[in-house]
Amino acid sequence: MITADLFAAISAPARRDEALCEGAVVLRGFALAGETPLLQAIADIAAQAPFRHLVTPGGLRMSVAMTNAGSLGWISDRRGYRYDPIDPDSGRPWPPTPPAFLQLADAAAAHAGFAGFVPDACLVNRYEAGTRLSLHQDRDERDMGEPIVSVSLGIPAMFLFGGLQRSDRPQRVPLAHGDVVVWGGPARLRYHGVLPLKPNHHAALGDVRINLTFRRAD
DNA sequence: AAGTAGCC
DNA sequence: TGAG
């Protein structure tokens, strides 16, 4: 079992943290210590709640394929964006969030200054070449005092980290396998997104990027 | 508008 | 032509 402390202890010597702004930081390679259990856990989740392309309220298909773990899952359809305890594709609850995920999320949040993070929602995003996520705010959660923890696995992506207004020009942040971004406090409502991915290959994951986003939704 | 098209 |  990889404990929260172990995540920090193993990965600390080789890492370099990069502040994006007050309340937001990139923890380079933070997720590398627990890599193998993470990959198995993702396969288990996808077996119970397969990846699917959600539809926006405007009726358009998102290029990112998504699934969820935890007591609440983020979904989108013609009725809007929301968290729901039931997978609409199966009628069953989302799979539980694996302990290794929760330990990683808590360790990363604590490292960024947000102690005691207990997420109830884990959104699992799958990107392939060409997949993008346009600039948006995470604003469907009840308590904006809780941070967001975002884990990158697989092929690299260019993360966009903007301001509190959509018109603010975003920073471009290259993210690689194992990088973790944490934002909260004054940065909690910053706009963010992902540029279209370039075709690429990762030894462990193949031609995809998996992003785990941890949130306290309720 | 968590999307896309269209235009510069 | 294509990134923005």
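The chains referred to below are lettered A, B, ... by the order of the sequence lines, with proteins before strands, and numbering in each begins at 1.
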Looking at DNA chain B, which of residues 65-88 of chain A put a heavy atom within less than 4.0 Å of it? A/W74, A/Y81

A/R92 meets the side-chain hydrogen bond (donor to acceptor under 3.5 Å, both in side chains) criterion, sequence neighbours left out, with none

Using the C1' atom as the point on both nucleotides, what is the distance between B/dA5 and B/dA1, in whole Å? 13 Å

Of all residues at least two apart in sequence or in a different chain, which pass the side-chain hydrogen bond (donor to acceptor under 3.5 Å, both in side chains) check with A/D120? none

With clusters built from Ile, Leu, Val, Met, Phe, Trp and Tyr whose side-chain heavy atoms come within less than 4.5 Å, directly or transitively, what are the remaining members of the cluster of A/W74, listed by chain and number? A/L20, A/V26, A/L54, A/M62, A/V64, A/M66, A/L72, A/Y81, A/Y83, A/L123, A/Y127, A/L133, A/I148, A/I155, A/F159, A/F161, A/V173, A/L175, A/V181, A/W183, A/V194, A/L197

Could you tell me which residues satisfy side-chain hydrogen bond (donor to acceptor under 3.5 Å, both in side chains) with A/Q171, sequence neighbours excluded, listed by chain and number? none

In sequence, state the C-alpha distance, the side-chain angles, and the governing distance for A/L195 and A/R132, and then conclude on side chain to side chain contact (heavy atoms under 4.5 Å, CB included). CA-CA 5 Å; A/L195 286 182; A/R132 70 160 84 204; over 6 Å; no

Given a 3.5 Å cut-off on both pairing distances, which stems involving DNA chain C, each at least three consecutive Watson-Crick or G-U pairs, are present, if any? none

Sorted by number, residues from residues 117-124 of chain A placing a heavy atom under 4.0 Å from DNA chain B are none

Are there any protein N/O atoms within less than 3.5 Å of an N/O atom in nucleotides 5-8 of chain B, and if so, which ones and at what distance?
none

Looking at residues 154-167 of chain A, who's got a heavy atom less than 4.0 Å off DNA chain B? A/R166

For a quick test of reading the model, state the closest non-hydrogen atom pair linking A/L153 to A/L205 and the distance between them. C-CD1, 3.7 Å

Identify, with sequence neighbours excluded, every residue that meets side-chain contact (heavy atoms from CB on, under 4.5 Å) alongside A/A69. A/I45, A/T97, A/C122

Evaluate A/F30 against A/H111 for ring pair (Phe, Tyr, Trp, His ring centres under 6.0 Å), listing each step before the verdict. CA-CA 10 Å; A/F30 195 90; A/H111 198 82; 5.6 Å; yes

Contacts under 3.5 Å, N or O only, protein and nucleotides 2-4 of chain C:
| unit_1 | atom_1 | unit_2 | atom_2 | d |
| --- | --- | --- | --- | --- |
| C/dG4 | OP1 | A/R172 | NH2 | 3.1 |
| C/dG4 | OP2 | A/R172 | NH2 | 3.0 |

Would you mind classifying the nucleic acid contact of A/L135 as base, sugar-phosphate or nothing, using non-hydrogen atoms under 4.0 angstrom? sugar-phosphate

May I ask you to say whether A/D89 pairs ionically with A/R52, meaning some side-chain N is under 4.0 Å from a carboxylate O? yes

Hits for side-chain hydrogen bond (donor to acceptor under 3.5 Å, both in side chains) against A/R166, two or more places apart or cross-chain, chain-then-number order -> none

